[in-house]
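See below for the structure under consideration.
Side chains are part of it too, since the values below use all heavy atoms of this structure and drop only hydrogens, waters and symmetry mates. A note on names: the letters A, B, ... follow the listed sequences, proteins ahead of strands, and every chain is numbered from 1. Keep in mind that this is a model prediction, so the values were computed, not measured.
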Amino acid sequence: MYKETVEPESGAVRTMRTTKLSIFVIFCASFLVGIASGLGGYTFYYAQGTSYLTDDPTACANCHIMQAFFDGWQKSTHHAVAVCNDCHAPSGVISSFFNKAVNGYHHSKAFTTGDFHEPIRITEDNRHITERQCRRCHQEISGMLNGWRNDLESVSCTRCHRSVGHLY
Amino acid sequence: MLVNIKERKHEQGNPFFKVVEIHDDTQDPAVWGKNFPLQYDGYLRTTDMQRTRYGGSEAMPRTPSQVDPRSTVAQSKLEEDSRLKTMWAGYAFSVDFREERGHAYMLEDQTLTERQRVVTQPGTCIHCHASTYLAYKQLGDGDITLGFEKLNQMPYSEARKHVTHPVACIDCHDPLSMSLRVTRPAFIEGMRAWKASQGIVDYDVNQDASRQEMRTYVCGQCHVEYYFQGSQKRLVYPWADGIKVEDIMEYYDRQKFKDWTHKNSSAQTLKAQHPEFEMWNQGIHARSGVACADCHMPYRRVGAQKISEHHVKSPLLSINRSCQTCHHFSEQEIKARVESIQTRTYNLRNLAMDALVSLITDIQTIQAVNPNHPGLPTARYLQRRAQFYLDFVEAENSTGFHAPSEAVRILAESIDYARQGQIVLRDASYTPNVSIVAIEQ
Amino acid sequence: MLVNIKERKHEQGNPFFKVVEIHDDTQDPAVWGKNFPLQYDGYLRTTDMQRTRYGGSEAMPRTPSQVDPRSTVAQSKLEEDSRLKTMWAGYAFSVDFREERGHAYMLEDQTLTERQRVVTQPGTCIHCHASTYLAYKQLGDGDITLGFEKLNQMPYSEARKHVTHPVACIDCHDPLSMSLRVTRPAFIEGMRAWKASQGIVDYDVNQDASRQEMRTYVCGQCHVEYYFQGSQKRLVYPWADGIKVEDIMEYYDRQKFKDWTHKNSSAQTLKAQHPEFEMWNQGIHARSGVACADCHMPYRRVGAQKISEHHVKSPLLSINRSCQTCHHFSEQEIKARVESIQTRTYNLRNLAMDALVSLITDIQTIQAVNPNHPGLPTARYLQRRAQFYLDFVEAENSTGFHAPSEAVRILAESIDYARQGQIVLRDASYTPNVSIVAIEQ
Ligand SMILES: [Ca+2]
Ligand SMILES: [Ca+2]
């Protein structure tokens with residue numbers, strides 16, 4: 001009976017899928033423009049942009065601006081069990097690639113122009129991804145918490161466990 | 001990838017074994033407990049008694065008697081501080097007032113308090129001390145508000161026959177979805193009035209509140225200031241002007257409401273009661289979205305499961321789970337922080353209590369000499385005010401923790417009123433900094 | 001929440017180009033600025049004037065004159081609240097008292113305040129308004145304490161000739177290692193006395209303080225309550241009994257110290273002055289190890305480097321860098337939290353101010369009628385006390401933020417004293433809840 005009240009996939013996820021698709025198109029276009037202007041493209045190269053496609057955390061720390069978060073991760077409880085992409089990239093080959101492309105482009109641009117809010121804050125979209133990733137690994141333990149409404153955002157794991165990935 | 005679990009398997013729902021069917025007429029928590037043994041187990045443990053510096057409760061052994069078969073009670077607050085008897089002179093609270101303890105005791109503590117023996121209480125009392133949902137439904141033929149009204153108007157002893165359990169699963173949970181729900185009409189109405197004062201019309205707590213808000217609102221059903229309105233003895237939460245102490249004071253003044261006439265001073269006095277919800281609202285935790293359940297029902301790991309601790313109690317007895325996910329300090333340090341807030345509140349509460357008792361004594365002395373002393377009406381109103389402000393902090397059970405600066409601010413104003421009452425008695429021409437409201441005898 | 005100080009460590013390795021040699025006699029910040037242009041640049045910008053709701057400062061244009069060539073000053077607090085004039089009647093503060101502004105102005109604001117024109121001030125004043133390190137060294141032949149003593153004993157106008165700059169690099173930094181150091185004997189001695197009261201002997205702040213503590217102590221050199229001791233006019237921080245308001249009150253009472261005799265009431269009154277360090281110590285941030293520099297000199301990224309913001313100012317003008325490293329709320333929300341704390345403090349400060357002014361007025365009225373009224377000595381002592389407590393919050397420049405509950409608690413006690421003073425004037429037999437200390441005229 002309780003199973004029936006469970007939504008197989010929340011609305012938020014569906015919306016994200018669609019936006020991701022359009023963002024991918026924008027990304028490809030921007031990427032070309034970026035290379036042409038030598039702006040985002042150079043940074044993407046300099047920062048070993050392909051690192052967004054690997055799971056090596058040191059790749060993220062290629063940007064000194066990510067160093068503090070890398071250091072924080074190393075001190076966190078999860079450094080031995082989860083790498084950056086486990087929490088910051090959605091699982092599934094396709095969605096993961098899209099996400100990395102979007103973030104990769106965004107961060108490269110931000111890094112190059114220096115135009116971003118400091119201290120750096122996770123975006124709403126990326127927070128949703130992280131929240132889902134917590135549940136991916138901890139589905140067993142969070143089963144009860146999700147309650148019977150199972151709307152993903154109704155319980156935010158990071159509200160209480162903000163520091164599991166980064167201990168400063 | 002170190003942990004390899006199939007994606008979104010969690011959305012398959014909970015591993016829970018439905019042993020029995022539970023429906024909207026299942027009152028007995030033991031039955032619910034068959035499906036949810038871990039939560040039920042915690043619920044049962046609200047019988048535990050353990051003291052913290054300013055909270056928890058201490059098991060005081062007593063010899064059971066015919067009228068009162070309890071073999072333990074919580075410590076008496078009147079014995080700890082006899083000034084409370086002066087403050088409540090002429091009111092049932094001056095006869096018996098104890099530290100509150102776990103939910104398991106709520107029904108028997110209410111039934112057996114000596115306050116029941118000195119005054120005839122209305123059925124309204126039962127609202128917060130029992131599982132009343134089914135009684136409402138039955139008495140109201142499915143309409144809980146109607147049932148609520150009927151229960152209010154009975155004498156306590158009759159109302160008592162309609163209930164069996166202390167607060168139970170059904171009072172906080174929808175039996176089908178297990179999601180939280182508010183079952184108390186007084187809270188529904190109080191919230192509607194408060195929201196209306198902010199320009200939000202027709203607020204319905206069960207429809208409009210987020211899940212996180214519900215983790216507070218289920219507690220706000222009872223842990224609030226209240227009064228019995230009119231001859232219907234309707235349970236009303238006095239929030240139509242707002243929920244800060246001055247809003248409530250203004251509300252009572254406009255209603256010309258009094259709880260009793262003070263025995264020593266003839267002031268028209270009010271009794272504040274457990275405004276946890278109201279005070280929490282003024283604190284930094286409420287502002288940060290931290291709910292009652294976050295601290296008082298923290299998650300607990302049991303095997304591979306994580307459940308809400310249904311042993312509702314002082315968070316100082318579970319600091320690691322209640323506080324440490326958010327605050328990365330040692331347990332000892334967190335405890336010290338709480339106690340430093342509480343001690344500051346407690347010391348100032350003592351100063352305010354001294355000021356109030358001085359005022360009461362002064363009124364008593366002067367009215368004995370000259371019952372027509374022109375300063376008396378003003379002094380009595382200032383007592384009403386000073387006393388309500390003080391009691392708002394005194395009756396709030398966190399000893400200031402839920403909203404530290406607000407608690408201290410309220411005590412400061414209480415002192416200001418009490419001392420001005422004393423001035424007026426010595427100099428009737430003195431004009432205090434607050435307008436005097438006449439409350440009829 | 002974690003105090004993220006350790007994170008900063010790696011930033012110490014900042015590359016820097018040594019353009020000039022700096023040694024222990026290099027006073028001019030412009031020279032230091034050749035090696036550290038980013039820090040120097042911030043330092044220069046302390047000339048900026050921008051108001052926040054309760055802090056910062058507002059640039060008020062004025063016509064420069066012969067005696068006072070300033071073309072802008074900060075807003076006058078006396079004009080904003082004329083009750084201050086009553087509180088300080090007979091003291092230089094009732095003539096000129098302004099909102100404080102950036103460090104760049106400290107020397108000219110002190111030199112040119114009208115307070116200098118109504119009273120002859122001692123050289124001691126200069127201690128906190130100029131770069132004095134070199135003057136100490138030169139006057140004391142290398143012994144800064146000796147130099148300090150000599151400077152204290154000069155008249156202000158003479159002392160003034162020994163200094164040129166507002167607080168400069170050399171007052172906070174060791175020129176060789178650039179590490180922080182305390183250069184003010186009064187702070188060194190004050191800390192030694194305070195630590196001694198806690199059983200720690202021979203505390204030496206420059207030896208024993210951690211780096212994080214030094215990030216507060218360099219500010220504590222000046223942002224503290226002080227008095228001029230004896231005929232030597234030695235600058236002393238009154239911490240021998242502790243640094244809470246009651247400890248300092250007790251200290252002054254034991255010393256029978258007064259700043260002046262109140263003009264309206266003849267009470268032996270005290271002036272509290274910028275106890276930021278003392279109040280900060282009572283707050284949750286101090287307890288969590290958060291230093292003045294964390295909020296007032298937050299790290300700023302300049303290219304690949306992170307430097308300490310040397311434009312010392314209200315953190316509300318840099319919320320992202322000052323607060324958001326620790327608090328994950330929006331800038332708007334953080335600002336609202338601060339203002340809610342400040343408004344609560346400010347409202348209660350107004351109540352306390354009213355109570356104090358009423359007491360002063362009462363004393364004035366009664367002594368005019370009967371200078372031998374038996375209640376007067378008690379009322380005057382209560383004024384001294386109420387006023388010092390109130391001023392301790394009033395003069396503290398964060399409007400309560402540094403220690404919200406403590407600020408409110410102090411105001412509560414201030415009200416209690418002031419109102420009891422009023423009672424005593426109407427009833428000399430009344431015994432207040434604090435013992436009366438006689439301070440000679
Ligand atoms: Ca208790
Ligand atoms: Ca200022």
Practice problem: Return the minimal non-hydrogen interatomic distance between B:R419 and C:D416, and the atom names on each side. | Solution: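 Heavy atoms only, the tightest pair is NE-OD1, 2.6 Å.
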Quiz item: When rounded to the nearest 0.5 angstrom, what is the spacing between CD1 in C:I415 and OH in B:Y417?
Solution: 9.5 Å
Quiz item: Once you round to the nearest 0.5 Å, how far does OH of C:Y430 lie from CZ of B:R426?
Solution: 7.0 Å
Exercise. With chain C as the partner chain, list the residues of residues 280-291 of chain B whose heavy atoms fall under 4.5 Å from it, by residue number, and write 'none' if nothing qualifies.
Key: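 From residues 280-291 of chain B, the residues near chain C are B:Q282, B:I284, B:R287, B:S288.
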Exercise. Taking heavy atoms only and a threshold strictly under 4.5 Å, list by residue number the residues of residues 346-355 of chain C that touch chain B; give 'none' if the list is empty.
Key: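 At a heavy-atom separation under 4.5 Å, chain B is reached by C:L348, C:L351.
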Practice problem: Considering only heavy atoms, give the residues of residues 377-414 of chain C separated from chain B by less than 4.5 Å, sorted numerically, with 'none' for an empty result. | Solution: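 Within residues 377-414 of chain C, near chain B: C:P404, C:S405, C:E406, C:V408, C:R409, C:A412, C:E413.
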Quiz item: If you count heavy-atom pairs under 4.5 Å between each of C:A418, C:A336, C:S358, C:S340 and chain B, which one has the most?
Solution: C:A336
Quiz item: More than 12 heavy atoms of other residues, nucleotides or ligands under 6.0 Å from CD of B:Q198: is that the case?
Solution: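 Yes, the 6.0 Å shell around CD holds more than 12 heavy atoms from other groups.
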Quiz item: Should the heavy atoms of other residues, nucleotides or ligands under 6.0 Å from NZ of B:K195 be counted, would the total exceed 12?
Solution: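 For B:K195, atom NZ is crowded (more than 12 foreign heavy atoms under 6.0 Å).
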Quiz item: Taking only residues two or more places apart in sequence or in another chain, which ones pass side-chain hydrogen bond (donor to acceptor under 3.5 Å, both in side chains) with C:S429?
Solution: C:D427
